[in-house]
S.K.: 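Questions regarding the structure given below will be posed in turn.
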Amino acid sequence: MAFIRPATEREARILSELAVKSEVYWGYDEEYMEKFKEKYRVTEEYIKNSPVFVLEDKSKILGFYGLLFEKDEVNLEFLYIDTDYIGKGYGRMLWGHLVDYCKEKGIKSFTFVTSPEAKGFYIKMGAEYLREVESLVKKGRIIPRLIYYVK
């Protein structure tokens with residue numbers, strides 16, 4: 001049975017690889033993916049200093065999420081599911097844990113950017129569209145920025 005637990009620093013490489021595999025799922029080209037690997041690499045330092053949680057089943061990491069606290073803003077920096085497990089309810093499970101974590105910590109809202117392909121999932125989860133922004137990975141690529149108000 002799948003469960004969610006805090007990530008450990010030694011899992012940084014595994015989480016980075018999972019994020020890349022999940023992003024490749026959307027069909028991005030090699031140049032885009034090389035820049036993605038640089039920008040969205042999960043580091044041991046990030047895991048040590050930020051709330052990062054993994055979804056595990058039978059000793060296999062199926063997904064993870066991580067928050068980033070910047071000034072007065074909370075950002076959802078990562079939420080990825082292994083592509084072999086997309087569409088099986090694990091994203092919803094991680095999202096539920098994320099919302100519960102935010103409630104427990106008194107976080108009233110968090111913002112995040114996402115791929116246009118994943119936007120529908122987040123809207124279904126209750127996130128609201130804020131605006132379009134330029135991707136940090138590819139100049140000229142416009143992506144949605146969303147906000148979730150924790151209820």
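Note that the numbering runs from 1 along the sequence shown for the chain. Remember, it's a predicted structure, so these values are computed and weren't measured experimentally.
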S.K.: Using a 6.0 Å cut-off, check whether atom CZ of R92 has over 12 heavy atoms from anything other than its own residue.
M.R.: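 Atom CZ in R92 is not crowded, with 12 or fewer foreign heavy atoms closer than 6.0 Å.
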
S.K.: Does NZ in K58 sit with more than 12 non-hydrogen atoms of other residues, nucleotides or ligands closer than 6.0 Å?
M.R.: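 Not more than 12 within 6.0 Å, no.
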
S.K.: Do V42 and I47 have side chains that get closer than 4.5 Å, going by heavy atoms?
M.R.: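 With C-beta onward as the side chain, the pair touches.
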
S.K.: What about the rings of Y122 and F112, do their centers lie closer together than 6.0 Å?
M.R.: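 Ring-ring flag for Y122/F112: true, centres closer than 6.0 Å.
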
S.K.: For Y149, which residues count as a ring pair (Phe, Tyr, Trp, His ring centres under 6.0 Å) partner, sequence neighbours excluded?
M.R.: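 Y149 satisfies ring pair (Phe, Tyr, Trp, His ring centres under 6.0 Å) with no other residue.
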
S.K.: Looking at R141 and E31, is any side-chain nitrogen of the basic one under 4.0 Å from a carboxylate oxygen of the acidic one?
M.R.: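 Looking at R141 together with E31, the answer is no, because their closest N to O distance does not fall below 4.0 Å.
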
S.K.: Would Y28 and F36 count as a close aromatic pair, with their ring centres under 6.0 Å?
M.R.: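 Between Y28 and F36, the centre distance exceeds or equals 6.0 Å.
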
S.K.: Membership question, hydrophobic clusters at under 4.5 Å side-chain separation (ILVMFWY): are V74 and Y129 in the same one?
M.R.: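 Per the 4.5 Å side-chain linkage, Y129 and V74 are co-clustered.
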
S.K.: Between S16 (side chain only) and A12 (backbone N and O only), is there a donor and an acceptor less than 3.5 Å apart?
M.R.: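 Here the side-chain-to-backbone pair exists.
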
S.K.: Can you check whether V133 reaches I143 side chain to side chain, under 4.5 Å on heavy atoms?
M.R.: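 Yes, their side chains come closer than 4.5 Å.
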
S.K.: If I take atom OG from residue S135 and atom CD1 from residue I142, how far apart are they, to the nearest 0.5 angstrom?
M.R.: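 The CD1 atom of I142 is 8.5 Å from OG of S135, to the nearest 0.5 Å.
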
S.K.: Quick one: CG on L15 to OG1 on T8, what's the gap to the nearest 0.5 Å?
M.R.: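 Reported to 0.5 Å precision, the distance equals 8.0 Å.
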
S.K.: Taking the side chain as C-beta and beyond, is there a heavy-atom pair between E134 and V113 under 4.5 Å?
M.R.: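 No - every pair of side-chain heavy atoms lies 4.5 Å or more apart.
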
S.K.: Ignoring hydrogens, what is the shortest heavy-atom contact between M93 and I4? Give both atom names and the distance.
M.R.: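 Minimum heavy-atom contact is O-CD1, 3.7 Å.
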
S.K.: Please report whether the ring centroid of Y80 lies less than 6.0 Å from that of W26.
M.R.: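 No - the distance between ring centres of W26 and Y80 does not fall below the 6.0 Å cut-off.
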
S.K.: Could you check whether any side-chain heavy atom of Y148 comes within less than 4.5 Å of a side-chain heavy atom of L98, counting everything from C-beta outward?
M.R.: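 Answer no - side chains too far apart.
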
S.K.: In terms of heavy-atom contacts, does NZ of K39 have more than 12 from other residues, nucleotides or ligands at under 6.0 Å?
M.R.: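 No, not enclosed.
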
S.K.: So among Y90, F78, F53, W95, which one has a ring-ring contact (aromatic ring centres under 6.0 Å, His included) with Y65?
M.R.: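 Considering Y90, F78, F53, W95, a ring-ring contact (aromatic ring centres under 6.0 Å, His included) with Y65 is found only for F53.
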
S.K.: Mind checking whether I81 and V24 sit in one hydrophobic cluster, side chains of I, L, V, M, F, W, Y counted as touching below 4.5 Å?
M.R.: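 Per the 4.5 Å side-chain linkage, I81 and V24 are co-clustered.
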
S.K.: Would you mind reporting whether Y40 and E23 have side-chain heavy atoms less than 4.5 Å apart?
M.R.: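 They are not in contact (no side-chain heavy atoms under 4.5 Å apart), so the answer is no.
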
S.K.: So, S50 side chain and L68 main chain: donor-acceptor pair closer than 3.5 Å or not?
M.R.: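 No; judged by distance alone, with no hydrogens or angles, the pair does not exist.
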
S.K.: Indicate, with yes or no, if L79 and Y101 share a hydrophobic cluster defined by side-chain heavy-atom contacts under 4.5 Å among Ile, Leu, Val, Met, Phe, Trp and Tyr.
M.R.: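 The answer is yes; both residues are in one hydrophobic cluster.
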
S.K.: Would the number of heavy atoms belonging to other residues, nucleotides or ligands and lying under 6.0 Å from OH of Y25 be above 12?
M.R.: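 Incorrect, the count does not exceed 12.
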
S.K.: Shortest non-hydrogen contact from K103 to V150?
M.R.: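 That closest heavy-atom pairing would be CG-CG1, 3.4 Å.
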
S.K.: Only counting residues at least two apart or in another chain, list the ones meeting salt bridge (Lys or Arg N to Asp or Glu O under 4.0 Å) with R5.
M.R.: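 In terms of salt bridge (Lys or Arg N to Asp or Glu O under 4.0 Å), with neighbours along the sequence ignored, R5 is linked to E11, E56.
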
S.K.: If you take all heavy atoms of D57 and A2, which pair is closest and at what distance?
M.R.: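 Taking D57 first and A2 second, the nearest heavy atoms are OD1-N, 3.5 Å.
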
S.K.: Transitively linked via ILVMFWY side-chain contacts under 4.5 Å: L94 with I123?
M.R.: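 Yes, because L94 and I123 connect within a single hydrophobic cluster, where side-chain heavy atoms sit under 4.5 Å apart.
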
S.K.: Taking 4.0 angstrom as the limit, do E17 and R13 come out as a salt bridge?
M.R.: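 Between R13 and E17 there is a salt bridge, with a charged N closer than 4.0 Å to a carboxylate O.
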
S.K.: What's the separation between atom CG in D82 and atom CZ in F64, rounded to the nearest 0.5 Å?
M.R.: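 It comes to 11.0 Å.
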
S.K.: Using a 4.5 Å cut-off on heavy atoms from C-beta on, say whether the side chain of E77 contacts that of V52.
M.R.: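 When only atoms from C-beta onward are counted, E77 and V52 do not touch, as no gap falls below 4.5 Å.
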
S.K.: Please determine whether a side-chain nitrogen of the Lys or Arg among K48 and E45 lies less than 4.0 Å from a carboxylate oxygen of the Asp or Glu.
M.R.: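 No salt bridge links K48 with E45.
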
S.K.: For G66 and Y46, which heavy atoms make the closest approach, and how far apart are they?
M.R.: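 Between these two residues, the closest heavy atoms are C-OH, 3.0 Å.
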
S.K.: So how far is it from F110 CZ to N75 CG, rounded to the nearest 0.5 Å?
M.R.: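 Reported to 0.5 Å precision, the distance equals 10.0 Å.
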
S.K.: Between L146 and T114, is any pair of side-chain heavy atoms under 4.5 Å apart?
M.R.: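 L146 reaches T114 side chain to side chain.
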
S.K.: Cluster question for you: counting only ILVMFWY and a side-chain heavy-atom cut-off of under 4.5 Å, with indirect links fine, are V99 and F69 together?
M.R.: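 Same hydrophobic cluster.
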
S.K.: For E34 and K37: C-alpha separation, side-chain torsions, deciding distance, then whether salt bridge (charged side-chain N to carboxylate O under 4.0 Å, His left out) applies.
M.R.: CA-CA 5 Å; E34 285 306 312; K37 286 177 191 177; 3.2 Å; yes

S.K.: Identify the two heavy atoms, one from P144 and one from E132, that lie closest to each other, and give their separation to 0.1 Å.
M.R.: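 In this case the closest contact between P144 and E132 is N-OE1, 3.8 Å.
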
S.K.: Check whether any side-chain heavy atom of L76 sits under 4.5 Å from a side-chain heavy atom of L67, and report yes or no.
M.R.: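 L76 vs L67: side chains touch.
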
